[in-house]
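We count ligands from 1, going down the list as the structure has it; atoms in each ligand are counted the same way. Predicted model, so just to flag it, every value in this text is computed and none were measured. One-based numbering along the sequence shown.
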Amino acid sequence: MISVFELFKIGIGPSSSHTVGPMVAAARFLADLRALPAPPARMAVSLHGSLAFTGRGHASDTAICLGLLGERPDTVDPDAVPGLVAGLARDGAIRVGNRDVAFDPDADLVLDTAEMLPGHTNGMRFRAFDEAGALALERVYYSIGGGFVVGEQAADTGASAPMEVAAPLPFDSADALVALCRARGVDIAAVQRENETALRPLDEVEAGLDRIAAAMLACIERGLSTGGTLPGRLKVRRRARDLHARLQAGERANIRSPSEVMDRVSTFAIAVNEENAAGGRVVTAPTNGAAGIVPAVLRYLREICGETSPETTRTFLLTAAAIGGLIKRKASISGAEVGCQGEVGSAASMAAAGLAAALGATPEQVENAAEIAMEHHLGMTCDPVGGLVQIPCIERNAFGAIKAIAAASLALHGDGVHHVSLDCVIETMRQTGLDMQSKYKETSQGGLAVNVAEC
Ligand code: SF4
């Protein structure tokens, strides 16, 4: 099973596959270095495939440095990152046991666009050498999306690194999930909750869900109150604060626009994705690039629909996680594997399911909501301009959130009976991802990335 806490992870921006994953991999390598009988003399890292093409814009190089310094995505202070990286560049070494291991990020961290590693497009090779220059340790990791990292062997077998725990209520398709709900007379959130308790006690599950929701909502608030320009050569101006101020002024003056609800939801999503692009604290949902959709729809549920109880929020998150877990297992949530349909499409599908469930949908209606949202993201490519998670990513989250709300609403107006099943759409997404040219999978080699002038 894939836990709700694997799909929703508190981390930092701008990318789960290109920032959080490399940081996790580097920290794993550091742990392996510490386990050696004697620390090596120096080390080197190479990034491959999509990580090499868009690694600078996605801060993969920074993430590797942070991981080698022993930092973790969920605990690192985003404001301390520049100082930590500058310190490593100055020292030219990381500390392993009682020894400094030479590592100059400028020379020893290579973005290798020529070699693709065999297991996955997001490959990383870590090497350590002894005093004589002989190889002391080598590890290959793959960042497979959503912050998940696997070692060489798991990628060879196509494993996707979910927790190896037997779920008490297993399901391997949306149809099976709905049938399970029907047979037991429960909703999808109840099935996911029961499965979560195989990993941790119920009170920990609920406390963890409350923490995730709080982190999502806090991220929106930070985004709404922060202006300025995003990092990177595009010099993208942050918009969420001004949009929010404008909406509030209209509200105070009792000037209501017909598009006000849509504008508010867009602003919430943009706030999160601007925080993400700035390297701030975000929750992968299920990735960083798509991190704005689930929080924006959650705030819509609480603020516009008035559903603020902790239990409703937990229902929202658990249902979204059940759908996200299915998509991850049967297809992918990685832009580098299947394009943006796997990131923004999956997030919209999860948010639609969560919203429908929180508003009282039957399992059949929830499945329909998830299906509608995913169906209308099929084929969406990943083509971030300048390799930065900014254009089209930020606005794309706004549209994903609005589609998710529309999908939930359509499903709630129906009776759950529909032509295209969620299972069919997930499989279509997988096949479409296989057919998609690799230049549209987080390489910035095609689409908007080559047609938008960088000035
Ligand atoms: S275009 Fe989509 S998949 Fe690609 S980086 Fe942006 S949000 Fe992620």
Side-chain angles (χ1 to χ4, degrees), residues 11 13-22 49-60 63 120-122 143-148 230-232 234 236 266 269-279 282-296 324 327-328 331-351 373-374 376-401 403-404 429-430 432-433 436-452:
S15 168
S16 46
S17 58
H18 287 52
T19 317
V20 175
S50 170
L51 285 179
F53 283 110
T54 61
R56 296 254 184 256
H58 287 57
S60 307
H120 188 276
T121 178
N122 289 333
S143 178
I144 60 172
F148 292 84
L230 293 172
L234 297 178
V236 171
S266 293
I270 288 170
V272 172
N273 285 81
E274 287 180 349
E275 273 300 287
N276 180 59
V282 294
V283 180
T284 62
T287 65
N288 279 32
I293 295 167
V294 170
I327 297 171
K328 176 162 172 52
S332 173
I333 56 167
S334 164
E337 285 179 353
V338 295
C340 199
Q341 57 173 355
E343 293 205 14
V344 165
S346 299
S349 185
M350 292 164 67
M374 174 57 82
H376 301 292
H377 284 91
L378 287 176
M380 190 186 277
T381 57
C382 168
D383 49 0
V385 177
L388 297 161
V389 194
Q390 298 178 8
I391 301 172
C393 320
I394 296 171
E395 275 179 6
R396 193 164 279 183
N397 276 257
F399 282 83
K403 281 197 211 178
M429 192 262 270
R430 188 187 71 80
T432 305
M436 199 179 277
Q437 291 184 35
S438 59
K439 67 181 179 181
Y440 296 117
K441 298 181 190 177
E442 215 160 350
T443 62
S444 291
Q445 303 286 296
L448 282 175
V450 297
N451 286 305
V452 174

* **Element-labelled atoms of ligand 1 that are located less than 4.0 Å from some non-hydrogen atom of Arg396** => 1 (S)

* Output yes when a side-chain donor or acceptor of Ser16 lies under 3.5 Å from a complementary backbone atom of Asn288, and no otherwise. => yes

* **Backbone N/O of Gly57 and side chain of Thr54: donor-acceptor pair under 3.5 Å** => no

* Looking only at atom types and distance, does a side-chain atom of His120 sit under 3.5 Å from a main-chain N or O of Asn122, one as donor and one as acceptor? -> yes

* Structure fact -> Closest to atom 8 (Fe) of ligand 1, among the N/O/S atoms of Glu343, is atom OE1

* Structure fact -> Residue, atom and distance of the protein heavy atom nearest atom 4 (Fe) of ligand 1 read Cys382 SG, 2.3 Å

* If only atom types and distance count, is the side chain of Asn397 paired as donor or acceptor with the main-chain N or O of Gly292 below 3.5 Å? -> yes

* Asked: To which protein heavy atom is atom 2 (Fe) of ligand 1 closest, and what is the distance rounded to 0.1 Å?
  -> Cys340 SG, 2.3 Å

* Asked: Any N/O/S atom of Cys393 sitting less than 2.8 Å from atom 2 (Fe) of ligand 1, backbone or side chain?
  -> no

* **Residue pair Ser332 / Glu337, side-chain donor-acceptor N/O under 3.5 Å** => yes

* Structure fact -> For Gly289, the ligand 1 atoms with a heavy-atom partner under 4.0 Å come out as 7 (S)

